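Presented below is the structure to which this report refers.
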Protein chains: 4
Amino acid sequence: MSDKTFVEKCASDKRTAILEATLALISERGFHNTPMSLIAKTSGVSTGIIYHYFSSKEELISELYKDIKFEFIRTMLADYSEDLSLKERFLGMWFNLVRYGLNYPTKGLFLEQFENSPYTKCVVKEDFEHAIAPFFDFCQQGVEAGILKPLPPLVLFDLGFSTAIFLVKRHAAGVVVLDDELMQTTANACWDAIKI
Amino acid sequence: MSDKTFVEKCASDKRTAILEATLALISERGFHNTPMSLIAKTSGVSTGIIYHYFSSKEELISELYKDIKFEFIRTMLADYSEDLSLKERFLGMWFNLVRYGLNYPTKGLFLEQFENSPYTKCVVKEDFEHAIAPFFDFCQQGVEAGILKPLPPLVLFDLGFSTAIFLVKRHAAGVVVLDDELMQTTANACWDAIKI
Amino acid sequence: MSDKTFVEKCASDKRTAILEATLALISERGFHNTPMSLIAKTSGVSTGIIYHYFSSKEELISELYKDIKFEFIRTMLADYSEDLSLKERFLGMWFNLVRYGLNYPTKGLFLEQFENSPYTKCVVKEDFEHAIAPFFDFCQQGVEAGILKPLPPLVLFDLGFSTAIFLVKRHAAGVVVLDDELMQTTANACWDAIKI
Amino acid sequence: MSDKTFVEKCASDKRTAILEATLALISERGFHNTPMSLIAKTSGVSTGIIYHYFSSKEELISELYKDIKFEFIRTMLADYSEDLSLKERFLGMWFNLVRYGLNYPTKGLFLEQFENSPYTKCVVKEDFEHAIAPFFDFCQQGVEAGILKPLPPLVLFDLGFSTAIFLVKRHAAGVVVLDDELMQTTANACWDAIKI
DNA sequence: TATGAATGAGGCTTCATTCAT
DNA sequence: AATGAATGAAGCCTCATTCAT
């Protein structure tokens, strides 16, 4: 970072400002109802310059999605280690995921909004396969060890984490308070779902 | 139904046609990218008449959401009966939910798209409380009987059904094939998640 | 015409107003420098309605071109008759062409501007073949009779009429005054060019 | 040329590159649809530097027009000599003109596009009077000698050369093949048009 | 000289909504 | 009830031009 030129830093700062404004606005107002002009005003740049960094609104949003998705996966797998037991690894991922959702509510909302919209078809998902690989290892080892139910990794993912994702959204909506105790109990319940 | 006048039937037919076109278009193209004019053309009516049945695009979409949401809940609880064991009741709901998603993929996609968008804030959710009441009874009875984990109903809902919802979406996206065997196994895994 | 409904007449009136405004503005200001908003204002309609009659600016201009081109050809061949001698027929066409240019200077300028711009590639020219057919007959008969030089019709057209087109433009620009005498002399000179 | 400094040569090279890119792009894409940024990219310079050589897009285009127009006139009159007969002189100019159009099709298209657009009003044409003077002499001598029709020079120009210009455009469009034989015949036909 | 990021007015087009018929 | 032409605000994007470096 420190060896960037001034120009590069300015440029990336502007790009970052645009991405951050887009995230904040879209998670609050939705894809529609977030005009480029508002993104420009919020990020403190001119309308035109957005098109210097992103070729279209669609590309801007896709780029934002990919950035956040990668960050999400990275965070979830942050302290993943094969030195830990399978259950410890699962709980680690589970809490990382939830903490990410609680720490960055706008990112969580954006991810969910994007993945449940037709926009999602425009993004090539294979990019994420490599990033998520450790989870696949976890599944394989767990199934082979007779500890996890013999199911496809995607199904194990859903059994293990869909509840976490739902709960984070409920917490953001204010209909459930996700305190430490509830997290503990629910995390273990999810473990019950995937373990044999 | 049969005692409606011809005019009334035409009217409600038109209303229905509008709602169906809206569903098909939005689930495929998203809220934005589905102009009223396209809804009119697809449903075979004039633009103007839509405003006879719905005061605005937002109301049309909200109305559609409520219709589908109620249908969804009704279907899920279709053969719910306190004569059945708790596990039987749960599996019944689980399979009903999944079958609904598989039979009406556009409705499932629409529901998910709506509930994960800022639109969702515009709808009063208390309307659904009454419809979902049997599930709440199920939770209370299960917890009191020491069969279900002592958790709030919403959390039990997520533990029990979030995986089902995810799997239906994966099936629609073509990345998982939800056959009978997988349904059986997964349904039981979800039961593991909520039972003590 | 008189059996059109009121609505039809209004509609076509609006369409006509748009076409006329477009002609006037473009011949004066060029394709660029003639925004749709100005066309709307000049023709007394809203911006949006233009797109009810024409799918895009390009289609509006192409449509205008075709209309004028057909009118031009029709006018040029107005009193064409095989009862006349070849020379009479030629002079008839020649004067019709020039009179059209003098009577409708904006149409002449628009035609020339369009046909000398890359826009021209977007228009299918075969549509005009049928309209211009009498001129082709004229050429064939003249060549076969040994009165016209044995050249392709397009070349005979240029020899016969390119000067007329140039002169009309010079007249519009004010650098040549195209009075009756000059027209007579030049028309006969053009006849010299095509006759054997 | 050779006594220019290195810096000067680079500068004029850049200027030339800009003019050449502008010519190629405009003849292909038109005035609109040829942004300065594309001219910059095509000529391998930065956007900003264009404004060092030309004060605006309009000036760039006018400058280009004048350059090409002068070159065109110079080429047309290249081997003009009062030692030749009037007919020889005419045919010389005629073939020079056509050859120019065939050798530099983009220049021909640009000239026609420019002169048939409202842009043309922005250029002072008197600059060309001096360059075209020999043709005026040719007219005067021809008329006085009783060999050319007694018409204004501009009219004699059109009678003599408008067909050539049209044919070059038809050749570029691919609807007429301008081979040597056709050139010979047509050139003589044009002579018929101007001679008594 | 030279760069190219930056500006922002303005262009084309869309679309929710209205209203005369 | 029904039509669909009409409106006009607003959206996305372009591009001539400027200016800090």
Side-chain angles (χ1 to χ4, degrees), chain A residues 5-8 10-11 13-15 32-41 44-60, chain B residues 7-8 10-11 14-15 32-41 44-60, chain C residues 5-8 10-15 31-41 44-60, chain D residues 7-8 10-11 14-15 32-41 44-60:
Chain A
T5 68
F6 181 73
V7 168
E8 284 171 336
C10 282
D13 280 5
K14 216 155 244 182
R15 211 188 108 105
H32 68 295
N33 211 19
T34 298
M36 292 299 260
S37 56
L38 185 57
I39 293 173
K41 204 202 289 181
V45 303
S46 70
T47 323
I49 201 61
I50 300 182
Y51 293 86
H52 184 73
Y53 295 105
F54 306 95
S55 68
S56 67
K57 188 180 183 184
E58 192 174 314
E59 205 209 75
L60 164 56
Chain B
V7 169
E8 282 172 338
C10 281
K14 224 159 234 186
R15 208 188 109 104
H32 65 293
N33 211 19
T34 298
M36 293 296 262
S37 56
L38 186 56
I39 293 173
K41 205 207 290 182
V45 304
S46 70
T47 323
I49 202 63
I50 298 182
Y51 289 86
H52 178 74
Y53 295 105
F54 307 96
S55 68
S56 68
K57 188 181 183 182
E58 192 173 314
E59 204 210 75
L60 164 57
Chain C
T5 68
F6 181 73
V7 169
E8 283 171 335
C10 281
S12 74
D13 281 4
K14 216 155 245 183
R15 211 188 108 105
F31 300 126
H32 67 295
N33 211 20
T34 298
M36 293 297 261
S37 55
L38 185 57
I39 293 173
K41 205 202 289 183
V45 302
S46 70
T47 324
I49 201 62
I50 299 181
Y51 292 86
H52 184 73
Y53 295 105
F54 307 95
S55 68
S56 67
K57 188 181 183 182
E58 192 174 312
E59 205 209 75
L60 164 58
Chain D
V7 169
E8 283 171 337
C10 282
K14 223 158 235 185
R15 210 188 108 104
H32 65 293
N33 211 20
T34 298
M36 294 295 261
S37 56
L38 185 57
I39 293 173
K41 205 208 287 183
V45 304
S46 70
T47 322
I49 201 64
I50 298 181
Y51 289 86
H52 179 75
Y53 295 105
F54 308 95
S55 68
S56 68
K57 188 180 182 183
E58 191 173 316
E59 205 209 74
L60 164 57

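All values reported here derive from a predicted model rather than from experimental measurement. Within every chain, numbering begins at 1; the chains are lettered A, B, ... in the order of the sequence lines, protein sequences first and strands thereafter. What you see below is based on every heavy atom in this structure, not just the backbone, and it leaves out hydrogens, waters and symmetry mates.
- Of the inter-residue distances, the one linking Leu60(A) atom CG with Met36(A) atom CE reads 5.5 Å to the nearest 0.5 angstrom.
- Residue Lys41(C) contributes atom NZ, which lies 12 Å from atom P of dG10(E) at whole-angstrom precision.
- Contact record, Tyr53(B) with Glu59(B): O-OE1, 4.2 Å, taken as the closest heavy-atom pair.
- Comparing dT21(F) with dT1(E), their C1' atoms sit 13 Å apart, to the nearest whole Å.
- By the 6.0 Å contact criterion, CD on Glu58(B) is open, its count of non-hydrogen atoms from other residues, nucleotides or ligands being 12 or less.
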Would you tabulate the pairs of protein nitrogen or oxygen atoms and nucleotide nitrogen or oxygen atoms of nucleotides 8-11 of chain F closer than 3.5 angstrom?
none

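- Contact annotation: Tyr53(A) reaches the phosphate of dA6(E) (side-chain N/O to OP1 or OP2, under 4.0 Å).
- Counting to the nearest Å, the P atom of dG11(E) and the NE2 atom of His32(C) are 12 Å from each other.
- Look at CZ on Arg15(D): it is 17 Å from C1' on dA2(E), rounded to the nearest Å.
- Annotation: the span from Ile39(C) atom CD1 to Phe54(C) atom CZ amounts to 9.5 Å, rounded to 0.5 Å.
- Helical stems involving DNA chain F, defined as 3 or more consecutive Watson-Crick or G-U pairs under 3.5 Å, span E:2-21 with F:2-21.
- Residues Phe31(C) and Lys57(C) come closest through the heavy atom pair O-NZ, 3.3 Å.
- When the P atom of dT13(E) is taken as reference, atom CD1 of Ile50(C) falls 10 Å away, rounded to whole Å.
- The shortest distance between the side-chain N/O atoms of His52(A) and the OP1/OP2 oxygens of dA6(E) is not below 4.0 Å.
- Atom CD in Glu58(B) sits roughly 14 Å away from atom C1' in dT17(E) (whole-Å rounding).
- The phosphate of dA6(E) (OP1 or OP2) has a side-chain N or O of Lys14(A) nearer than 4.0 angstrom.
- Just one residue in the list Lys14(A), Arg15(A), His52(A) forms a side chain to side chain contact (heavy atoms under 4.5 Å, CB included) with Val45(A), and that residue is Lys14(A).
- Residue Tyr51(B) contributes atom OH, which lies 5 Å from atom C1' of dT17(E) at whole-angstrom precision.
- If you take CD of Glu59(A) and P of dC12(F), they are 15 Å apart, rounded to a whole angstrom.
- Rounded to whole Å, atom P of dC12(E) lies 7 Å from atom CD1 of Ile39(C).
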